[in-house]
Protein chains: 2
Amino acid sequence: METRTVREQLLDYAQTLIMLRGYNGFSYRDLAELVGVKTSSIHYYFPTKEDLVLEAVNVYSSESLAEMYAIDSSQSADLRLDRYARLFGKILGDGDQICLCGMLAADIASLPEHVRQAVQSFFKSNETWLGKLLAEGKKNGTLMVSGGPEAAGRVLYASLQGAVVASRLFGTRTRIEEVTKAYKVH
Amino acid sequence: METRTVREQLLDYAQTLIMLRGYNGFSYRDLAELVGVKTSSIHYYFPTKEDLVLEAVNVYSSESLAEMYAIDSSQSADLRLDRYARLFGKILGDGDQICLCGMLAADIASLPEHVRQAVQSFFKSNETWLGKLLAEGKKNGTLMVSGGPEAAGRVLYASLQGAVVASRLFGTRTRIEEVTKAYKVH
DNA sequence: GTCTATACCCCGATAGAC
DNA sequence: GTCTATCGGGGTATAGAC
């Protein structure tokens with residue numbers, strides 16, 4: 001028996017559809033069929049598709065960032081990088097999904113300004129967190145980092161976003177690990 | 001006066017629209033208005049939208065790879081990396097476009113198998129070329145590279161694809177340079 | 001809250017005149 | 001080659017019964 005509310009299910013399946021096909025690649029009909037309601041019921045909860053995607057990105061963002069911040073900060077930097085990369089790898093799902101915010105960044109020209117701001121905010125949080133991690137790993141000698149920590153965080157995050165896209169394109173799961181390996185001291 | 005054939009204009013504007021909004025984000029109507037013909041004329045050249053996108057990716061791929069292979073191989077590896085990055089930066093256009101194959105990789109779930117193969121082929125050519133460049137730079141001591149050249153090429157290419165997406169998201173042009181800086185010896 | 005019914009427009013695609 | 005006209009279906013969104 002399904003215990004989640006219809007609203008919760010709508011947001012959950014909307015996230016999946018966006019991660020699969022992007023903002024312009026799914027319809028209220030697709031979503032309605034997945035949840036087992038009519039399209040007019042979606043409009044009851046989310047008057048417009050832009051309302052739906054904004055709420056989806058906010059939920060995705062808060063849940064993903066909570067998982068990131070929950071990574072035990074008493075561990076060494078290289079172990080925390082592995083844990084972060086494992087979170088990132090989970091995004092792939094059955095191998096056919098990419099990061100919701102990475103997808104919306106690709107679709108950004110079709111989206112309103114407040115969605116852009118939400119996606120920017122998610123990127124910045126990840127980049128900053130990674131930057132601090134890399135700074136620590138550099139100090140400890142557990143990670144190889146070139147340049148300032150802020151720029152290094154942005155470069156690493158871009159690599160991971162690119163890696164998850166390429167992973168899906170080629171049907172592999174190894175590319176995220178390749179990124180983290182490049183920072184390991186051996 | 002416009003000297004290009006209608007077919008050439010269609011392919012050129014189709015590339016731009018895909019780089020802006022993705023496969024599901026533009027219509028034959030959008031394209032027809034840009035070129036100044038009716039939608040039925042597009043069907044004369046490209047019976048289906050999938051025909052159009054396949055031809056667009058083939059043209060984009062051959063032109064982009066030609067520019068890449070034209071980079072003077074007598075230069076040092078770090079200078080060639082700069083030239084490659086400058087090519088990559090040109091993609092941004094007015095700041096609102098990303099790589100056509102990066103966009104189609106995001107839209108891959110909506111596309112037929114032969115488009116996936118064309119996009120994969122483009123990725124592989126770039127990754128291989130970058131891998132050889134990095135191997136050479138490592139040998140000469142002009143670039144800092146960690147791990148094997150093939151994996152390093154894949155990681156660098158993912159970084160650049162991610163960087164161009166983030167550049168557009170944040171309205172900046174500095175992110176591609178940040179990537180190449182991370183490989184420079186200083 | 002969820003439904004049926006529908007408005008209104010856009011979509012890719014085709015037929016056939018010129 | 002390019003057009004007009006149209007087909008069949010899908011798109012988001014709304015009105016109003018229950």
Side-chain angles (χ1 to χ4, degrees), chain A residues 1-57 59 103-104 106-115, chain B residues 1-57 59 103-104 106-115:
Chain A
M1 184 192 132
E2 180 62 69
T3 56
R4 289 174 300 166
T5 66
V6 168
R7 193 189 143 90
E8 284 165 345
Q9 292 179 68
L10 286 171
L11 282 171
D12 192 33
Y13 281 112
Q15 280 183 33
T16 302
L17 285 170
I18 295 169
M19 293 166 79
L20 271 168
R21 284 185 248 147
Y23 179 71
N24 295 308
F26 81 101
S27 68
Y28 268 34
R29 179 183 293 193
D30 299 327
L31 182 53
E33 283 169 3
L34 280 173
V35 177
V37 295
K38 300 297 175 181
T39 60
S40 49
S41 295
I42 308 179
H43 285 284
Y44 171 78
Y45 296 102
F46 307 101
T48 72
K49 202 180 176 186
E50 290 180 357
D51 295 326
L52 172 65
V53 70
L54 180 60
E55 183 69 9
V57 62
V59 170
M103 180 61 94
L104 293 181
D107 288 337
I108 203 68
S110 307
L111 292 163
E113 185 56 30
H114 49 267
V115 172
Chain B
M1 186 192 130
E2 181 63 68
T3 55
R4 289 174 300 168
T5 67
V6 169
R7 193 189 144 90
E8 285 166 345
Q9 292 179 68
L10 286 171
L11 282 171
D12 191 33
Y13 281 112
Q15 280 184 34
T16 301
L17 285 171
I18 295 169
M19 294 166 79
L20 271 168
R21 284 185 247 147
Y23 178 71
N24 294 308
F26 81 100
S27 69
Y28 269 34
R29 178 184 292 196
D30 298 328
L31 181 54
E33 283 170 1
L34 280 172
V35 177
V37 295
K38 299 297 176 181
T39 60
S40 50
S41 295
I42 307 179
H43 285 284
Y44 171 78
Y45 295 101
F46 307 100
T48 72
K49 203 180 175 186
E50 290 180 357
D51 295 326
L52 172 64
V53 69
L54 181 60
E55 183 70 8
V57 62
V59 170
M103 179 62 92
L104 294 181
D107 288 338
I108 203 69
S110 307
L111 292 163
E113 186 55 29
H114 49 266
V115 172

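Quick caveat, the model's predicted, so the values are computed rather than measured. Sequence lines set the chain letters: A, B, ... in the order given, protein chains first and strands last, and positions in each chain run from 1.
Rounded to an integer number of Å, the gap from NE2 of H43(A) to P of dA5(C) is 17 Å. Spacing between atom CD of E33(B) and atom C1' of dC11(C) amounts to 14 Å, rounded to whole angstrom units. Whole-Å rounding puts the Y44(A) OH to dC18(D) C1' distance at 15 Å. As a whole-Å value, the separation of D51(A) CG from dT14(D) C1' is 15 Å. Following rounding to the nearest Å, E50(B) (CD) and dC11(C) (C1') show an atom-to-atom distance of 14 Å. I42(A) has its CD1 atom 16 Å from the P atom of dG1(C), to the nearest Å. Distance, R29(A) CZ to dT4(C) P: 13 Å, rounded to whole Å. In this structure, CG of L31(A) is placed 17 Å from P of dG10(D), rounded to the nearest angstrom.
With rounding to the nearest 0.5 Å, the separation of CG in D30(B) from OG1 in T39(B) is 11.0 Å. Distance check, rounded to the nearest 0.5 Å: CZ of R7(A) to OG of S41(A) gives 14.0 Å.
Taking only side-chain atoms of T39(B), from C-beta outward, the nucleotide of dA15(D), dA13(C), dA13(D) with the closest atom is dA13(C). For K38(B), counting side-chain heavy atoms from C-beta on, the closest listed nucleotide (dC3(D), dC11(C), dT2(D)) is dC3(D). Comparing dA13(D), dT14(C), dG1(D) by their nearest atom to the side chain of Y45(B) picks out dG1(D). In this structure, of dC3(D), dT14(C), dC3(C), it is dC3(D) that holds the atom nearest to the side chain of V37(B). The side chain of S41(A) sits closest to dC3(C) out of dC3(C), dG1(D), dA13(C). Side-chain proximity of K49(B) to the nucleotides dG1(C), dG1(D), dA13(C) is greatest for dA13(C). Nearest to the side chain of S27(A), among dG12(C), dT12(D), dT2(D), sits dT12(D).
A donor-acceptor pair under 3.5 Å links the side-chain atoms of Y28(A) to the main chain of K49(A), judged by distance alone. Although no hydrogens or angles enter the test, the distance criterion places a donor-acceptor pair under 3.5 Å between the side chain of D107(A) and the main chain of Y23(A).
In the interface, the side chain of S40(B) is paired with the base of dT4(D) through a donor and an acceptor atom under 3.5 Å apart.
Under the 6.0 Å distance and 45° angle rule, K38(B) does not count as a cation-pi partner of Y44(B).
Using a 4.0 Å heavy-atom criterion, one finds that F46(A) contacts no nucleic acid atom at all. Y28(A) comes within 4.0 angstrom of the backbone, heavy atoms only, and of no base.
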